[in-house]
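Remarks on the structure that follows.
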Number of protein chains: 2
Amino acid sequence: MSDITSPELPDAAGEGPLSYAIFQLARAHRGHAAAMLRAMNLHPGQELLLMQLFDHDGLTQGELLERVGLDHSTVSKSLRRMQDAGLLTREPAAHDRRVMVVHLTDAGRDLKEPIADMWRSLEKISVRGLTADQVQAFIGWARVIEKTVRDHSRRPPAE
Amino acid sequence: MSDITSPELPDAAGEGPLSYAIFQLARAHRGHAAAMLRAMNLHPGQELLLMQLFDHDGLTQGELLERVGLDHSTVSKSLRRMQDAGLLTREPAAHDRRVMVVHLTDAGRDLKEPIADMWRSLEKISVRGLTADQVQAFIGWARVIEKTVRDHSRRPPAE
DNA sequence: ACCGATTGTGTGGCTAGCCAAGTAATTGCT
DNA sequence: AGCAATTACTTGGCTAGCCACACAATCGGT
């Protein structure tokens, strides 16, 4: 339906516009998010961590990275920068001094509504061109693709 | 771990799983591409530039960045690293010594088939969970979302 | 011709994100 | 108890990607 024909795309290079579409979509989406986040002195990715903390203050770093799915080093560095920015604190847990418990500061909590607004705005814009059903289908398929790709990443490429 | 199914997602934080789905899909997809590219000593993003050159050797840096849509500084640095790796050459054009003409070396050309294979493989895997119609619909909607977001990025946020 | 505007690239500086290696604390096995 | 394995996190090193600034070559108007 509609025009999926698409005039110029790197067809000649490969014949898979799906990967290309994912790449371009993610870049545009991320770019727009970055622009909105900049107004709050945040960087893309940080809002995901903060959103987890808004709902579950006091999470450990490990629980945090499990929820967002990023590399532990990425989370560590990102949290450090946010700590330097005064948005949160990190202290070793009493019962296990390896784990770092993350708590929001007042400044961090103040970002809850702005981030929620920005998130809603981003969502509203992203969804504008599609019907609700299409959006739901899109999300479902995105998860299917993600899962498929992830499963293949785990497995050794013994294909 | 193991079950990253979909039970808990940051619903409480915002109610827009679309943005989250895009983010996670892109990350998984990019990660898988990165793993395959690593075998060729490439980094994600470089294959896009190379694919353009496979079909249009002798492009200028400006034409190249226009096709992939990245920032000129990103392209500049990425090309420099690929030049250092011996994959391509950059020389100022005769008629306009500002523009840099990019040419593949033999080593660069040798990557054409490996990259095409990798791209096809990535595509095949990504598509595995969906029907052909679903894939086409997904791509079409992805482009719609991308366009919508991009249009809103251009406009000042005078909403 | 001249000099300001524009164009095409390069560089610096920042964060995101990954992998690999290192460190400290806890657990577990003997 | 003691010591190896595991766990939680940190650090270093690399590239991608952006923005802002700098620079050289070309274009344009007078």
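Note on naming: letters A, B, ... go to the chains in the order of the sequence lines (proteins, then strands), and numbering restarts at 1 for each one.
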Exercise for the section: Give a yes/no on whether any side-chain N or O of R90(A) is located under 4.0 angstrom from OP1 or OP2 of dT10(D). Expected result: yes
Exercise for the section: Respond yes when some side-chain nitrogen or oxygen of S78(B) is under 4.0 Å from OP1 or OP2 of dA16(D), and no when none is. Expected result: yes
Pairs under 3.5 angstrom, nitrogen or oxygen only, protein versus nucleotides 22-28 of chain C, please.
{"from": "dT26(C)", "atom 1": "OP1", "to": "R97(A)", "atom 2": "N", "distance (Å)": "3.3"}

Please report the distance, rounded to the nearest Å, between [atom1] in [X] and [atom2] in [N].
X      : N       : atom1 : atom2 : result
K77(A) : dA8(D)  : NZ    : C1'   : 16 Å
H29(B) : dC18(C) : NE2   : P     : 15 Å
M36(B) : dC19(C) : CE    : C1'   : 18 Å
R81(A) : dT11(D) : CZ    : C1'   : 12 Å
L87(B) : dT15(D) : CG    : C1'   : 15 Å
Q24(A) : dA16(D) : CD    : P     : 16 Å
L79(B) : dG8(C)  : CG    : C1'   : 13 Å
L70(A) : dA8(D)  : CG    : P     : 17 Å

Specify the closest pair of heavy atoms between [X] and [Y], including all atoms of both residues, with the distance to one decimal.
X      : Y       : value
A33(B) : M118(B) : O-CE, 4.3 Å
L42(B) : L111(B) : CD1-CD1, 4.1 Å
Y20(B) : V68(A)  : OH-CA, 4.2 Å

Practice task
Count the heavy atoms of every other residue, nucleotide or ligand shown that sit under 6.0 Å from CD of E91(A), and state whether that count exceeds 12.
Solution key: no
Practice task
Give a yes or no on whether R80(A) atom CZ has more than 12 heavy-atom contacts from other residues, nucleotides or ligands under 6.0 Å away.
Solution key: no
Problem - Residue pair S73(B) / D71(B), side-chain donor-acceptor N/O under 3.5 Å - result: yes
Practice task
Scan side-chain atoms only and decide if R38(B) and H43(B) contain a donor-acceptor pair under the 3.5 Å cut-off.
Solution key: no
Exercise for the section: Map M100(B) and Q46(A) onto DNA chain C by nearest heavy atom, then report which one ends up closer to the 5' terminus. Expected result: M100(B)
Handout entry: Position toward the 5' end of DNA chain C (nearest nucleotide), R38(B) or S76(B)
Key = S76(B)
Exercise for the section: Output, in order, the C-alpha distance, side-chain angles, deciding distance and verdict of salt bridge (charged side-chain N to carboxylate O under 4.0 Å, His left out) for R120(A) and D117(A). Expected result: CA-CA 5 Å; R120(A) 272 189 293 268; D117(A) 288 345; 2.8 Å; yes
Problem - Any residue of residues 102-110 of chain A with a heavy atom less than 4.0 Å from an atom of DNA chain D - result: none
Completion exercise
Regarding the side chain of Q61(B), the nearest nucleotide among dC18(D), dT9(C), dT11(D) is dT9(C)
Practice task
Give P92(A) one of three labels, base, sugar-phosphate or nothing, depending on what nucleic acid heavy atoms sit under 4.0 Å from its own.
Solution key: nothing
Exercise for the section: Measure distances between side-chain N and O atoms of S73(A) and base N and O atoms of dC19(C), and say whether any donor-acceptor pair falls under 3.5 Å. Expected result: yes
Exercise for the section: Evaluate the criterion salt bridge (charged side-chain N to carboxylate O under 4.0 Å, His left out) for residue pair R150(B) and E146(B); output intermediate values, then yes/no. Expected result: CA-CA 6 Å; R150(B) 227 182 268 283; E146(B) 178 194 341; 2.8 Å; yes
Completion exercise
The answer to which of F23(A) and D71(A) contacts DNA chain D further toward the 5' end, by nearest nucleotide, is D71(A)
Problem - Pairwise 5' ranking along DNA chain D for V99(A) and R27(A), keeping only the more 5' one - result: V99(A)
Exercise for the section: Describe, in one word, how the ring planes of H152(B) and H32(A) are oriented to each other, choosing from parallel (under 30°), tilted (30 to 60°) and perpendicular (over 60°). Expected result: perpendicular
